[in-house]
Amino acid sequence: MSEMKKIKNLKDFSTSADRFEGANLLCPGCAHSIIVREVLNATNDDLILAASTGCLEVCTAVYPYTSWDASWIHIGFENGSSAVAGAEAMYKALKTKGRLKQPDRVPKFVAFGGDGATYDIGFQWISGCFERGHNMMYVCLDNEVYANTGGQRSSSTPIGASATTTPAGRVSYGEKRNKKDMMAIMAAHGAPYVAQVAPNKWKDMVAKIQKGFAAEGPVYINAMSACTTEWKFAPEDTISISDLATDSLVFPLYEIIDGTKLNITYRPKNIVPVRDYLGAQGRFKHLFTKQYDYLIDEWQTRVDAKWDYLQRREEASV
Amino acid sequence: MEKKGWDGFEIGAMLRTFDGAVSDIATTLPENRPYSQSSSFTASVADWRIEKPLFNKDYCIDCQFCWVYCPDMSIISRDKKMIGIDFDHCKGCGICVQVCPTNPKSLLMFPEQKDEESALAEWPKKEKKDQAEEPKED
Ligand SMILES: Cc1ncc(C[n+]2csc(CCOP(=O)(O)OP(=O)(O)O)c2C)c(N)n1
Ligand code: SF4
Ligand code: SF4
Ligand code: SF4
Ligand SMILES: [Mg+2]
């Protein structure tokens, strides 16, 4: 295996030469881009990348331009995972046959997909890749909505969010179902490494990506991606909204090793009320009337219960 | 070289990011890369901006928060120092200004047409402690 890139602090990290280029068409302030930079800059190894259809793919491969300085594959919405798995299988086959031109260069295989591509449309493909045990990393850019096609709900959209197919109005408070727990589902595949990350915690992100690259087998990364357009906040607030998400524990940062050992990797010094996180985003603004007070209380109870559950699992080392 | 239309390519044609070989992209800085006309690096989104960030190096502590959180690879850092902004690729989101921890901030948003010299001349002074934001941990 190639040597891990040494990143002790942010100054070290800032010497990275980005392999993702500007003048892509992602919105100003888009967190997808911040996540991609942190993932790619965590290694100096060669990269074989794929992106499922979604904001990231559509905005970085607009004719006549590409924003990728690495091998990059796009096939469809559902199969970014299998595209990378196919490349990885070919790499292994060529290696076995001794036909690699530069056998000393060991590339990293990474697939990116939105929550629509991951939680819904591409789910069986991802599950297949994990079951077959490809040596690859799958990164879900989780903005809790089908952003690229105008904000339809996905199975990652949380309760109470207004989406274009679950709009809030006179009779509805928006999405009715709870967000699917992809972390648990992917861990249940027995994957060597599963982790939730957030772009505002760059150090935690880089540590997890490097652990993922070091693991043998399929790795799942769930990356919280605050979306200025669909979550409805000002573009300059992407990092402060992300801070609210991690500090309210709506997006707790943790990892699950071999499907059986859970570690919490970030404990906020001051836990922020869930109300503050919801209140900072337009997609939840209709909840702030007396009749929906109970929904915000339920949100808090749910988040508290999940945090309690994660802590119990960590303590019991399961 | 003249740009081909989308229908000018053969099926399966490959667009290359670079003209010629780059043996180790991950350690080659942009100024040393032979970008081809197919790389969006050669394009500009400067006309997306209404406001732009300007940099005052007198207050900068080179923490690199602006570098890591810029979504558009537009904070130029070399040898662990923040040295400027790439105005071809900056979309004017304002994140760099928000995350800058110094007092006063070393980055501030100005109208697109503002010239740097007058911006620096009217840069705000240090805020009193109780109003200042606490520096963010990384
Ligand atoms: C099979 C198929 N169905 C539908 C679409 C249309 N489509 C393109 S992108 C997209 C939404 C992507 O949402 P998500 O995966 O969450 O990524 P985001 O844009 O939010 O980053 C949809 C529905 C498609 N390209 N292919
Ligand atoms: S809609 Fe959201 S995810 Fe898509 S480019 Fe804009 S900010 Fe990024
Ligand atoms: S305004 Fe946004 S795009 Fe421009 S340099 Fe700052 S963070 Fe980057
Ligand atoms: S965030 Fe501010 S202090 Fe830190 S490197 Fe950037 S300009 Fe300098
Ligand atoms: Mg999405």
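Below, all heavy atoms of this structure are taken into account, side chains as well, without hydrogens, waters or symmetry copies. Just so we're on the same page: letters track the sequence lines, and every chain starts at 1.
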Task: CA sep, side-chain torsions, deciding dist, call: Gln64(B), Ser77(B), side-chain hydrogen bond (donor to acceptor under 3.5 Å, both in side chains) - done: CA-CA 8 Å; Gln64(B) 304 301 337; Ser77(B) 291; 2.6 Å; yes
Would you find a donor on one side and an acceptor on the other, under 3.5 Å apart, between the side chain of [X] and the backbone of [Y]?
X: Glu88(A); Y: Asn135(A); result: yes
X: Ser40(B); Y: Gly22(A); result: yes
X: Thr228(A); Y: Phe233(A); result: yes
X: Thr246(A); Y: Ser242(A); result: yes

Open item on the list: Please confirm whether the ring centroid of Phe109(A) lies under 6.0 Å from the ring centroid of Tyr91(A).
Closed with: yes
TODO: Could you look at Trp48(B) and say if it's the side chain, the backbone, both or neither that has a heavy atom under 4.5 Å from chain A?
DONE: side chain
Task: Contact origin within Ser38(B) toward chain A - heavy atom pairs under 4.5 Å - done: both
Can a donor-acceptor pair be found between the side chains of [X] and [Y] at a distance below 3.5 Å?
X: Gln196(A); Y: Asn222(A); answer: yes
X: Asp204(A); Y: Tyr254(A); answer: no
X: Asp18(A); Y: Asn41(A); answer: yes
X: Glu255(A); Y: Thr265(A); answer: no
X: Trp68(A); Y: Thr17(B); answer: no
X: Asp115(B); Y: Ser118(B); answer: yes

Open item on the list: Testing Thr60(A), Thr66(A), Leu56(A), Val62(A) one by one against Asn24(A) for a side chain to side chain contact (heavy atoms under 4.5 Å, CB included), which residue passes?
Closed with: Thr60(A)
[X] versus chain B, heavy atoms under 4.5 Å apart: side chain, backbone, both or neither?
X: Asp12(A); value: both
X: Ser16(A); value: both
X: Trp72(A); value: neither
X: Phe13(A); value: both
X: Leu40(A); value: neither
X: Glu38(A); value: side chain
X: Ile35(A); value: neither
X: Pro199(A); value: backbone

Open item on the list: Please identify, among Asp72(B), Val45(B), Val68(B), the residue contributing the most non-hydrogen atom pairs under 4.5 Å to chain A.
Closed with: Val68(B)
Task: For chain A, the option from Ser39(B), Pro71(B), Cys70(B) that forms the most heavy-atom pairs under 4.5 Å - done: Pro71(B)
Task: Side-chain ion pair, Arg283(A) and Glu144(A), N-O less than 4.0 Å - done: yes
Open item on the list: I'd like to know if Arg49(B) pairs up with Glu112(B) as an ion pair, taking the criterion as any Lys NZ or Arg NE/NH1/NH2 lying under 4.0 Å from an Asp or Glu carboxylate oxygen.
Closed with: yes
Count the heavy-atom pairs under 4.5 Å between each of [options] and chain B, then report the option with the highest count.
options: Gly29(A), Cys30(A), Ser240(A), Ala234(A); result: Gly29(A)
options: Arg19(A), Glu21(A), His32(A); result: Glu21(A)
options: Thr15(A), Asp69(A), Asp237(A), Ile34(A); result: Asp69(A)

Task: Heavy-atom side-chain contact between Leu120(B) and Trp123(B) under 4.5 Å - done: yes
Task: Check: Ile271(A) and Asp247(A) side chains under 4.5 Å, non-hydrogen atoms - done: no
Task: Interface residues of residues 85-96 of chain B facing chain A - non-hydrogen atoms under 4.5 Å apart - done: His89(B), Lys91(B), Cys93(B), Gly94(B), Ile95(B)
TODO: With chain A as the partner chain, list the residues of residues 20-36 of chain B whose heavy atoms fall under 4.5 Å from it, by residue number, and write 'none' if nothing qualifies.
DONE: Ser23(B), Asp24(B), Ile25(B), Ala26(B), Thr27(B), Thr28(B), Leu29(B), Arg33(B), Tyr35(B)
